[in-house]
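Below, chains carry the letters A, B, ... as their sequence lines are ordered, and counting in each starts from 1. Not measured: the values here are computed from a predicted model.
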Amino acid sequence: AQTVTQSQPEMSVQEAETVTLSCTYDTSESDYYLFWYKQPPSRQMILVIRQEAYKQQNATENRFSVNFQKAAKSFSLKISDSQLGDAAMYFCAYRRNSWGKLQFGAGTQVVVTP
Amino acid sequence: DTAVSQTPKYLVTQMGNDKSIKCEQNLGHDTMYWYKQDSKKFLKIMFSYNNKELIINETVPNRFSPKSPDKAHLNLHINSLELGDSAVYFCASSQDVPGSGNTIYFGEGSWLTVV
């Protein structure tokens, strides 16, 4: 069964605009960790942001922020002031605990237009 | 000063051959992983080692054999390569302590093409 679901195969955004990527997950755990990774055409996997489930405050990293809704099991990523360099595949990922595997969604391709 | 490095980055080989991919991390982490990314870009874990001991083995054909000579290295050997083995293989590492759920850091990937 798919643990992490990304329902948007592709999202398009204009430079300087904002785009939100959705992610939902399925778990019976109360303590877990969520991540967004970026994969540009070079294929490098780059950590964008991480969220601990026990923290109510949403994580932010510069232009990247998340909306973590624990009850709804939702973890969306907002990219503000989009730049051409943000064009990439974005993966949502779930990790149950230490030494647990990272489970990925299918990814959302972000296209940034000038 | 690459944190997780893999070699080779690109590999083209014929069906039936045996090949290895090497991975080294200089982050001092105690857990290392191999992930496979298929042609549809779906990422899935294959193996995980903690302090040289195998802790995750995800229904991978036994043609794939990981080896961890020490906690900084995790190599992947593949026997009798098949067309379906064509993929990008990512090595990764993390430093895990109980309750931490620490971030997993990835190498640049090794792009394997079987012809």
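By the neighbour-count criterion of 12 heavy atoms within 6.0 Å, atom CG of A/Asn62 is sparsely surrounded, having that number or fewer from other residues, nucleotides or ligands. Annotation: B/Lys44, atom NZ; neighbour count of heavy atoms from other residues, nucleotides and ligands within 6.0 Å does not exceed 12. For NZ of B/Lys52, the number of neighbouring non-hydrogen atoms (other residues, nucleotides, ligands) closer than 6.0 Å is 12 at most. With a 6.0 Å radius and a threshold of 12 heavy atoms from other residues, nucleotides or ligands, A/Glu29 has its CD atom above the threshold. More than 12 heavy atoms of other residues, nucleotides or ligands sit less than 6.0 Å from atom CD of A/Glu10.
Side-chain contact between B/Ile104 and A/Tyr37: present, with at least one pair of heavy atoms (C-beta onward) separated by less than 4.5 Å. Side-chain contact between A/Gln39 and B/Phe106 is absent, with no heavy atoms from C-beta onward closer than 4.5 Å.
The structure places CE of A/Met45 at 6.0 Å from CZ of B/Phe90, a figure rounded to the nearest 0.5 Å. How far NZ of A/Lys101 is from CD1 of B/Ile56: 6.5 Å, rounded to the nearest 0.5 Å.
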CA sep, side-chain torsions, deciding dist, call: B/Gln37, A/Phe104, side-chain contact (heavy atoms from CB on, under 4.5 Å)
CA-CA 11 Å; B/Gln37 186 173 40; A/Phe104 287 92; over 6 Å; no
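Applying the side-chain contact (heavy atoms from CB on, under 4.5 Å) criterion to A/Pro41, with sequence neighbours excluded, gives no partner residue. The salt bridge (Lys or Arg N to Asp or Glu O under 4.0 Å) test applied to B/Lys9 returns B/Glu108, not counting sequence neighbours.
Only the side chain of A/Gln109 comes within less than 4.5 Å of a heavy atom in chain B; its backbone stays farther off. The part of A/Phe91 that comes within reach of chain B is its side chain, from C-beta onward, which places non-hydrogen atoms under 4.5 angstrom from that chain.
Nearest heavy atom pair, residue A/Arg95 against residue B/Ser94, reads NH2-OG, 3.7 Å.
Judged purely by atom type and a 3.5 angstrom limit, B/Tyr35 uses its side chain to pair as donor or acceptor with the backbone of A/Leu102.
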